[in-house]
Amino acid sequence: MKRNIVIAAVTAAALVGGGTATALATTGDDDRGTAPRADVSVSDDGGVRDEADDRADDAARDDDAARAASAKVTAADAVAAALADTPGTAVSAELDDEDDGDDGDDGDDSDDGGDDRRERAAWEVDVLSGDGTWHSVRVDPATGKVLGSEKDDEDDTAEVRAALKGTSVDAAQAAEAAAGHGTVTSVELDEDGHYGDGKPAWEVETHTSGKGEQDWRVDPKTGKVTADRSHDSDASQDSDDSDDD
């Protein structure tokens with residue numbers, strides 16, 4: 001009813017003024033012209049996300065968990081295989097499900113058998129040998145076979161050795177300690193500790209279906225596992241900085 005009144009008034013004004021008037025359609029109390037509204041949410045960075053994006057994120061987290069769970073060789077197994085091939089101290093191990101073959105690939109396939117093994121999913125284990133040489137060892141997550149090894153250039157050898165001094169929990173044991181919380185996809189030594197407090201710890205990442213990625217810290221002396229809240233704190237700090245801007 002109100003819309004008819006508005007149109008009539010505009011028409012009358014056009015006739016009186018001798019010109020052309022443009023009517024803006026309003027629905028008033030008539031809801032028949034209202035288009036359905038999609039449910040949206042505002043992301044942390046101020047962007048707008050709809051339910052489809054949220055579902056896509058959930059699916060991606062479930063896919064990560066499924067890929068991690070499909071690896072027959074655990075992080076601890078990968079560390080053991082790497083150390084059997086390259087003696088030393090394992091400092092980190094990460095399940096790399098996609099490798100572009102560019103890291104240290106000099107085009108010579110003689111070391112890797114001349115096949116596509118560098119493009120396979122693999123555990124990448126960083127090993128510090130007794131003479132201070134760093135090695136990156138790739139382990140097949142399905143068979144535990146070492147796919148290849150190459151030297152790395154690292155400049156934190158002294159810090160790593162200092163952090164490991166007097167510890168009793170190695171990378172494999174840290175991974176096993178955190179395995180009760182999900183499938184371990186990476187374990188890495190944090191030689192600086194929380195915000196550089198000088199208290200080393202093993203950082204372990206797990207994936208669980210329905211929960212996605214979770215981060216844990218394992219004490220290198222006691223093996224105690226605690227939730228790693230530093231990433232949450234960093235995200236909160238970034239959000240606060242964005243609000244201030």
Side-chain angles (χ1 to χ4, degrees), residues 39 41-45 47 49-83 90-100 120-126 136-145 147 167 169-195 199-239:
D39 293 331
S41 60
V42 180
S43 63
D44 293 338
D45 58 0
R49 301 171 53 87
D50 57 25
E51 290 182 340
D53 291 333
D54 293 335
R55 287 194 296 269
D57 288 346
D58 292 339
R61 285 192 292 268
D62 289 341
D63 288 343
D64 289 340
R67 283 195 294 270
S70 66
K72 297 179 180 179
V73 177
T74 66
D77 293 336
V79 169
L83 293 179
V91 179
S92 69
E94 181 178 7
L95 181 59
D96 183 13
D97 59 350
E98 291 182 5
D99 182 70
D100 56 13
R120 299 177 185 176
W123 282 102
E124 290 191 352
V125 184
D126 290 333
S136 178
V137 185
R138 293 178 63 80
V139 179
D140 191 313
T143 65
K145 181 181 179 180
L147 300 176
T167 63
V169 178
D170 60 21
Q173 292 168 330
E176 290 177 337
H181 298 282
T183 302
V184 175
T185 55
S186 73
V187 53
E188 181 178 6
L189 178 67
D190 176 14
E191 63 267 25
D192 296 325
H194 275 299
Y195 306 106
K199 296 180 180 179
W202 291 104
E203 292 184 336
V204 184
E205 178 183 292
T206 63
H207 276 78
T208 305
S209 179
K211 293 183 179 180
E213 175 187 321
Q214 292 179 293
D215 298 301
W216 310 92
R217 294 180 70 81
V218 180
D219 191 298
K221 293 184 178 180
T222 66
K224 181 180 179 180
V225 180
T226 57
D228 186 354
R229 303 299 183 188
S230 61
H231 297 285
D232 297 337
S233 299
D234 291 342
S236 176
Q237 181 64 40
D238 292 340
S239 177

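Note that these values count all heavy atoms, side chains included, but never hydrogens, waters or copies made by symmetry.
Residues Ala90 and Ala171 approach most closely at O-CB, 3.7 Å, considering heavy atoms. Nearest heavy atom pair, residue Val125 against residue Ala78, reads CG2-O, 3.9 Å. Nearest heavy-atom pair across Ala174 and Val169 is N-CG1, 3.8 Å. Summarising the geometry of Trp202 relative to Val91, their closest heavy-atom pair is CZ3-O, 3.3 Å, with the distance given to 0.1 Å. Contact record, Val218 with Val225: CG2-CG2, 4.0 Å, taken as the closest heavy-atom pair. Closest heavy-atom contact between Leu95 and Pro141: CD1-CB, 4.0 Å.
Looking at Val139, Asp140, Val137 one by one, the single match for side-chain contact (heavy atoms from CB on, under 4.5 Å) with Leu147 turns out to be Asp140.
Between atom OG of residue Ser136 and atom CD of residue Glu94 there is a gap of 10.0 Å, rounded to the nearest 0.5 Å. From Thr183, atom OG1 reaches atom CD of Gln214 across 11.0 Å, with rounding to the nearest 0.5 Å.
A donor-acceptor contact shorter than 3.5 Å is absent between the side chain of Thr74 and the backbone of Val184. Listed for the Trp123 side chain is no donor-acceptor partner under 3.5 Å among the backbone atoms of Ala82.
Under the 4.5 Å side-chain criterion, counting only non-hydrogen atoms from C-beta, Pro200 is not in contact with Thr167. A heavy-atom distance below 4.5 Å is found between the side chains of Arg138 and Asp96. Using a 4.5 Å heavy-atom cutoff, the side chains of Glu203 and Arg217 are in contact. Using a 4.5 Å heavy-atom threshold, the side chains of Glu205 and Glu213 count as touching.
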